[in-house]
**Student:** 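I am attaching a structure below and will ask some questions about it afterwards.
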Amino acid sequence: MPPHMSRADLLLNMYQSMLDRLGPSHWWPGETPFEVAVGAILTQNTNWGNVERAIANLKATGNLAPDAMLALPDAELAELIRPSGYYNMKAKRLKQLLLWLQDTCDGDIANLGSMEVNAARTALLSVKGVGPETADSIALYAAGLPTFVVDAYTLRIYSRHGLIPEDTDYHTLRDYFMDVLPHDPHLFNEYHALIVRVAKDWCKKGTPRCEDCPLAEFLDTHPNGGRA
DNA sequence: ATCCAGGACT
DNA sequence: AGTCCAGGAT
């Protein structure tokens with residue numbers, strides 16, 4: 001790594017290294033924007049495996065559609081999504097999102113895509129139960145808008161590399177990327193997907209496996225930043 | 001049988 | 001700071 005690289009080049013190089021090693025992620029492929037939005041709520045504080053069970057339940061009962069889901073009593077919806085955890089709360093959040101969807105997006109999440117990114121973000125953020133990460137996930141993965149999703153994994157990787165403080169808040173972390181990267185939905189989509197994969201398989205919470213990590217070479221520039 | 005990881009709201 | 005939760009790991 002050249003000694004004084006710009007942040008843009010550093011972030012792009014880290015991206016390229018992950019992509020070279022892991023290949024493209026094809027995130028949220030066969031799903032409709034609606035399914036992506038539902039998944040974004042369900043995956044709050046829970047791993048994707050549990051979310052899949054919940055989505056399977058919704059699908060199996062024909063409730064993975066706005067009207068059907070909205071017609072379901074909270075208790076029944078909660079029961080179907082039970083495997084994803086926090087099911088009572090998430091049933092309500094799902095309903096909030098669906099209600100908002102009806103009168104803001106004319107019932108179709110895809111309509112978000114024609115809005116200005118920040119307008120879409122603000123609108124999403126106004127629904128109770130949709131915080132910054134969920135809003136960005138829906139805007140990017142369901143609507144294809146150029147917004148960068150950050151999360152606990154992003155914070156872990158980049159703080160361990162000594163690039164940001166461990167207590168960096170959501171928007172500061174998001175700006176760290178968005179201030180210097182080209183606002184390209186495909187880049188943002190793949191970048192976040194790669195971060196998640198690296199965090200789960202190498203930059204684990206307890207004991208990171210830095211030796212064979214796709215980002216191993218980037219620890220050199222920050223002798224102590226990495227550690228763990 | 002306990003522990004742990006993981007967003008958003010009150 | 002406390003609450004909401006299941007499923008996988010230990």
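Residue numbers start from 1 in every chain, and the chains themselves are labelled A, B, ... in the order their sequence lines are given, proteins ahead of strands. Hydrogens, waters and symmetry mates are skipped; everything else that's a heavy atom, side chains included, is used.
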**Student:** Between A:H161 and A:I157, is there a side-chain heavy-atom distance shorter than 4.5 Å?
**Tutor:** yes
**Student:** Expressed in whole Å, how much space separates the P atoms belonging to C:dT10 and B:dG6?
**Tutor:** 14 Å
**Student:** In whole angstroms, how far is the C1' atom of B:dC9 from the CD atom of A:E133?
**Tutor:** 15 Å
**Student:** Counting any heavy atom closer than 4.0 Å, what does A:Y87 reach on the DNA or RNA strands: base, sugar-phosphate only, or nothing?
**Tutor:**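 Since only primed, P, OP1 and OP2 atoms lie under 4.0 Å of A:Y87, the category is sugar-phosphate.
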**Student:** Atom CH2 of A:W48 to atom P of C:dG8: distance rounded to whole Å?
**Tutor:**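 Interatomic distance, CH2 of A:W48 to P of C:dG8: 16 Å.
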**Student:** Please check the phosphate of C:dC5 (OP1 and OP2 only) for any side-chain N or O of A:N88 closer than 4.0 Å.
**Tutor:** yes
**Student:** OP1, OP2 of C:dG8 versus side-chain N and O of A:R53: anything below 4.0 Å?
**Tutor:**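 True: A:R53 side-chain N/O within range (under 4.0 Å) of C:dG8 OP1/OP2.
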**Student:** State whether A:R93 places a side-chain N or O below 4.0 Å from either non-bridging phosphate oxygen (OP1 or OP2) of B:dC9.
**Tutor:**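 It does not, given that no N or O in the side chain of A:R93 lies less than 4.0 Å from OP1 or OP2 of B:dC9.
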**Student:** Round to the nearest Å and state the distance from A:D151 atom CG to B:dA8 atom P.
**Tutor:** 10 Å
**Student:** Return the value, rounded to whole Å, for the distance between atom CG of A:D136 and atom P of B:dG7.
**Tutor:**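 Taking atom P of B:dG7 as the reference, CG of A:D136 is at 13 Å.
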**Student:** Using the side-chain heavy atoms of A:K205, tell me which of these nucleotides is nearest: B:dA5, B:dA8, C:dG7.
**Tutor:** B:dA5
**Student:** Strictly by modelled atom types, are A:R174 and A:T154 linked by a side-chain donor-acceptor pair under 3.5 Å?
**Tutor:**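 No, no side-chain donor-acceptor contact under 3.5 Å.
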**Student:** Across the strands shown, which category fits A:Y153 at heavy-atom distances under 4.0 angstrom: base, sugar-phosphate, nothing?
**Tutor:**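 Sugar-phosphate, no base atom in range.
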**Student:** Please figure out whether A:N47 or A:K128 has its closest DNA chain B nucleotide nearer the 5' end.
**Tutor:**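 Here A:N47 is the residue nearer the 5' end.
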**Student:** Reading DNA chain B from 5' onward, which residue's closest nucleotide shows up sooner: A:R156 or A:G129?
**Tutor:** A:R156
**Student:** Taking atom C1' in both B:dC9 and C:dG7, compute the distance separating them and give it to the nearest angstrom.
**Tutor:** 24 Å
**Student:** Need one value for A:K90: base, sugar-phosphate or nothing, where a base atom within 4.0 Å counts as base even if backbone is also close, heavy atoms only.
**Tutor:** nothing
**Student:** Between A:L97 (CG) and B:dA8 (C1'), how many Å, whole number?
**Tutor:** 14 Å
**Student:** For a quick test of reading the model: is some side-chain N or O of A:T134 closer than 4.0 Å to OP1 or OP2 of B:dA8?
**Tutor:** yes
**Student:** Ring-plane angle category for A:F148 and A:F188, please: parallel below 30°, perpendicular beyond 60°, tilted otherwise.
**Tutor:** perpendicular
**Student:** Is the CD atom of A:E166 crowded by more than 12 outside heavy atoms at less than 6.0 Å?
**Tutor:**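 Not buried by this count: 12 neighbours or fewer within 6.0 Å.
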**Student:** Find the distance A:Q44:CD to B:dC9:P and express it as a whole number of Å.
**Tutor:** 8 Å
**Student:** In whole Å, what is the span from the CG atom of A:N45 to the C1' atom of B:dC9?
**Tutor:**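 It works out to 11 Å between those atoms.
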**Student:** Using the six-membered base ring of C:dC4, report whether A:Y86 stacks on it, requiring centroids under 5.5 Å and planes under 30° apart.
**Tutor:**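 Ring-base stacking flag not set for A:Y86 and C:dC4.
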**Student:** Of the nucleotides B:dA8, C:dG7, B:dG6, which has the atom closest to the A:P132 side chain?
**Tutor:** B:dA8
**Student:** Over 60° means perpendicular and under 30° means parallel, so tell me whether A:Y15 and A:Y191 are parallel, tilted or perpendicular.
**Tutor:** tilted
**Student:** Just verifying a value: how many Å separate A:M69 CE and A:T61 OG1, rounded to the nearest 0.5 Å?
**Tutor:** 8.5 Å
**Student:** Please state how far atom CG in A:N57 lies from atom P in C:dA6, giving the value in whole angstrom units.
**Tutor:** 14 Å
